[in-house]
Amino acid sequence: MAKMAAAMVESGEDAFRKIFKFYKRRNPPPDFSDVIDFSRGVPSDKIVPAKLDPSAVSDVEAAQVGLQPVRDWRAYSLQGYPGFIFISNPFLLGSQPSWVRQCLKTYPQKPNICNLDMHMSPTETQDIWGKSVHVLGSPSKTREPKTLLEKLRWVTLGYHYNWDTKTYSANHHTPFPADLHSLSSQVTAACGFPGFNAEAGILNYYRSDSSLGIHVDESELDHSRPLLSFSFGQSAIFLLGGICRQDPPTAMYMHSGDMMVMSGQSRLLYHAVPRILPPPQGHSSVEMEGCSPVSSLQDGSVVEPVTEEDWAVCSSYIQSSRVNVTVRQVLGPGQSFPETPSSHKRTDAGPTAGYHEGPGGEDQGKRKRSSSCGSDDATET
């Protein structure tokens, strides 16, 4: 990555944007040889094993959310990115389909909010899954117009992110899903953050031509708590940069089941997803797991077997799509929302597909840097 960055960026101008465009390029296709693949598990001078706390999560607690014992997780850190932890698919075989089903069938349901609510009535978006299942669950090769599920771009949970004001508020809140809260608590505890309270979630739904613009997640009031990311379905190129857009980013693959924890100094770094791509040949994917039963389901497990009917829909969707779930703690201990929401925030951005769709996409890539970094009005296309 360093070689390519040096070759592409000599003037110090927006290095991130140049590398974003490099990986987004379709013709000619980019060279992926500099992209880190944590699934290979080969430590280097850049990749070092991350220290986890296996005692913080019992094997039973891990299994209840579909995870392997913490001692078996393959977790890594990156030199130069303090607080960044990458966990290479710690899910038990057969548990990913349950989480995919939640992301496609359960989390888009009311009272949660999605991009379709911006231009459709509540009755039209009440049952996105039910209105899509007859098409996605059918083996027919003749396709009708896009289903509502295929038109999903984002869903918000808990404290609902306001794409216009770039803020959360006390009066824009619905219950956060208990199962996702439990998964988030186990992962953060293992990474050394006990007591993490999952309060807000943003699900991004990517098609094969989608991307996520360069941004920083800073709208939460407490930045001392980590940002969690869960990936399902197709693979993606993830770019992790610095505090300024002049800092060249590091490129890495995110495969299905992979997790990232951004804490400490890495919590407020620029990042982006320029490209969605199929998993590498021979790489295990959700499709290969199918409906295999979760081994030794624990009492109190939030992971439930997926029916063949449901899996037919999920499998049809993710064979060309990716779902990313980011979970955040919005408020620190004793904190409350200000009466007047603050403005001038850099924003979370919804995924785009070569165009700006709905709230969150309109100012994709338009980010204000801190004063030490100057200003930036570049827009990704």
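Aromatic ring centres of Phe86 and Tyr76 lie farther apart than the 6.0 Å criterion allows. The ring of Phe232 has its center closer than 6.0 angstrom to the ring center of Phe91. Checked against the 6.0 Å centroid threshold, Tyr168 and Tyr161 count as a close aromatic pair. Remark: aromatic rings of Phe337 and Tyr159 are close, center separation under 6.0 Å.
Nearest heavy atom pair, residue Trp154 against residue Ile113, reads CZ3-O, 3.9 Å. Ala62 approaches Val57 most closely through the heavy-atom pair N-CG1, 3.8 Å. The nearest pair of heavy atoms linking Val323 to Cys103 is CG1-CB, 3.9 Å. Nearest heavy atom pair, residue Phe230 against residue Ser184, reads CE1-OG, 4.0 Å. When all heavy atoms are compared, the tightest approach of Gly201 to Phe176 is N-CE1, 3.6 Å. Across all their heavy atoms, Lys24 and Ser211 have their closest contact at NZ-OG, 3.5 Å.
Side chain of Tyr270 to backbone of Leu239: no donor-acceptor contact under 3.5 angstrom is found. Although no hydrogens or angles enter the test, the distance criterion places a donor-acceptor pair under 3.5 Å between the side chain of His271 and the main chain of Leu269. In this structure, Trp99 contributes its side chain and Val65 its backbone to a donor-acceptor pair below 3.5 Å. Remark: side-chain polar atoms of Ser315 are not paired, donor with acceptor, to backbone N or O of Ala312 under 3.5 angstrom. Checking side-chain atoms of Trp311 against main-chain N and O of Pro97 turns up no donor-acceptor pair under 3.5 Å. At distances below 3.5 Å, not a single donor-acceptor pair connects side-chain atoms of Arg101 with backbone N or O atoms of Leu104. Remark: side-chain polar atoms of Arg275 are not paired, donor with acceptor, to backbone N or O of Ser208 under 3.5 angstrom. The main-chain N or O of Arg153 is found under 3.5 Å from a side-chain atom of Asn115 such that the two form a donor-acceptor pair.
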TODO: Show your working on side chain to side chain contact (heavy atoms under 4.5 Å, CB included) between Thr106 and Asn112 and close with a plain yes or no.
DONE: CA-CA 10 Å; Thr106 305; Asn112 301 328; over 6 Å; no
Task: Pair Asp37-His255, side-chain hydrogen bond (donor to acceptor under 3.5 Å, both in side chains): steps then yes or no - done: CA-CA 9 Å; Asp37 191 344; His255 302 306; 3.1 Å; yes
TODO: For side chain to side chain contact (heavy atoms under 4.5 Å, CB included), just list the numbers for Lys131 and Thr147, CA-CA rounded to whole Å, side-chain angles, deciding distance to a tenth of an Å, and then say yes or no.
DONE: CA-CA 7 Å; Lys131 289 181 169 67; Thr147 63; over 6 Å; no
Open item on the list: Working note: Val261 + Phe84, criterion side chain to side chain contact (heavy atoms under 4.5 Å, CB included); need CA distance, chi angles, decisive distance, verdict.
Closed with: CA-CA 6 Å; Val261 179; Phe84 176 76; over 6 Å; no
Task: Candidate pair Ile87 and Asp258, rule side chain to side chain contact (heavy atoms under 4.5 Å, CB included), full reasoning - done: CA-CA 6 Å; Ile87 307 170; Asp258 289 348; over 6 Å; no
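In this structure, the side chains of Ile276 and Ser235 stay at 4.5 Å or more apart for every pair of heavy atoms. Counting heavy atoms from C-beta on, the side chains of Leu277 and Gln234 never come closer than 4.5 Å. Using a 4.5 Å cut-off on side-chain heavy atoms (C-beta onward), Lys46 and Thr250 make contact. Considering only heavy atoms from C-beta on, Arg245 comes within 4.5 Å of Ile214 through its side chain. For the pair Met252/Leu240, a side-chain contact is recorded, criterion being any heavy-atom separation below 4.5 Å from C-beta on. Counting only heavy atoms from C-beta outward, the side chains of Val313 and Ser316 never approach each other to under 4.5 Å. In this structure, Leu227 and Ser263 have side chains that are not in contact, with every pair of non-hydrogen atoms separated by 4.5 Å or more. Taking the side chain as every heavy atom from C-beta outward, Leu183 and Leu67 approach each other to under 4.5 Å.
Rounded to the nearest 0.5 angstrom, Tyr107 OH and Cys114 SG are separated by 16.0 Å. The CE atom of Met259 sits 10.5 Å away from atom OG1 of Thr188, with the distance rounded to the nearest 0.5 Å. In this structure, Asp127 CG and Trp129 CH2 are separated by 10.5 Å, a value rounded to the nearest 0.5 Å. From Leu203, atom CG reaches atom CG of Leu152 across 9.0 Å, with rounding to the nearest 0.5 Å. For the atom pair Leu149 CG and Ile128 CD1, the distance stands at 7.5 Å (nearest 0.5 Å). Atom CD of Gln64 is separated from atom OG of Ser301 by 6.5 Å, given to the nearest 0.5 angstrom.
Between the side chains of Gln102 and Asp179, a donor-acceptor pair is found at a separation under 3.5 Å. Of the N and O atoms on the side chains of Ser321 and Tyr205, not one donor lies less than 3.5 Å from an acceptor on the other residue. Judged by distance alone, the side chains of Asn324 and Ser229 do bring a donor and an acceptor atom under 3.5 Å apart. Side-chain contact check for Asp34 and Tyr23: no donor-acceptor pair (N or O, by modelled atom type) lies under 3.5 Å. Gln96 and Ser256 are linked by a side-chain donor-acceptor pair at a separation below 3.5 angstrom, with hydrogens and angles left out of the test. For the 3.5 Å distance criterion, the side chains of Ser231 and Arg322 qualify, holding a donor opposite an acceptor.
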Tell me which donor-acceptor pairs under 3.5 Å the side chains of residues 193-200 have, and how far apart each pair is, sequence neighbours excluded?
unit_1, atom_1, unit_2, atom_2, d
Asn197, OD1, His181, NE2, 2.9
Asn197, ND2, Glu199, OE2, 3.3
Glu199, OE1, Val330, N, 2.7
Glu199, OE1, Leu331, N, 2.8

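Residues passing the side-chain contact (heavy atoms from CB on, under 4.5 Å) test with Lys110 are Asp117, Thr125, Gln126, sequence neighbours excluded. Listed by chain and residue number, Lys105 satisfy the salt bridge (charged side-chain N to carboxylate O under 4.0 Å, His left out) test with Asp310 (two or more places apart in sequence, or in another chain).
Between Arg207 and Glu150 there is a salt bridge, since a side-chain N of the basic residue sits under 4.0 Å from a carboxylate O of the acidic one.
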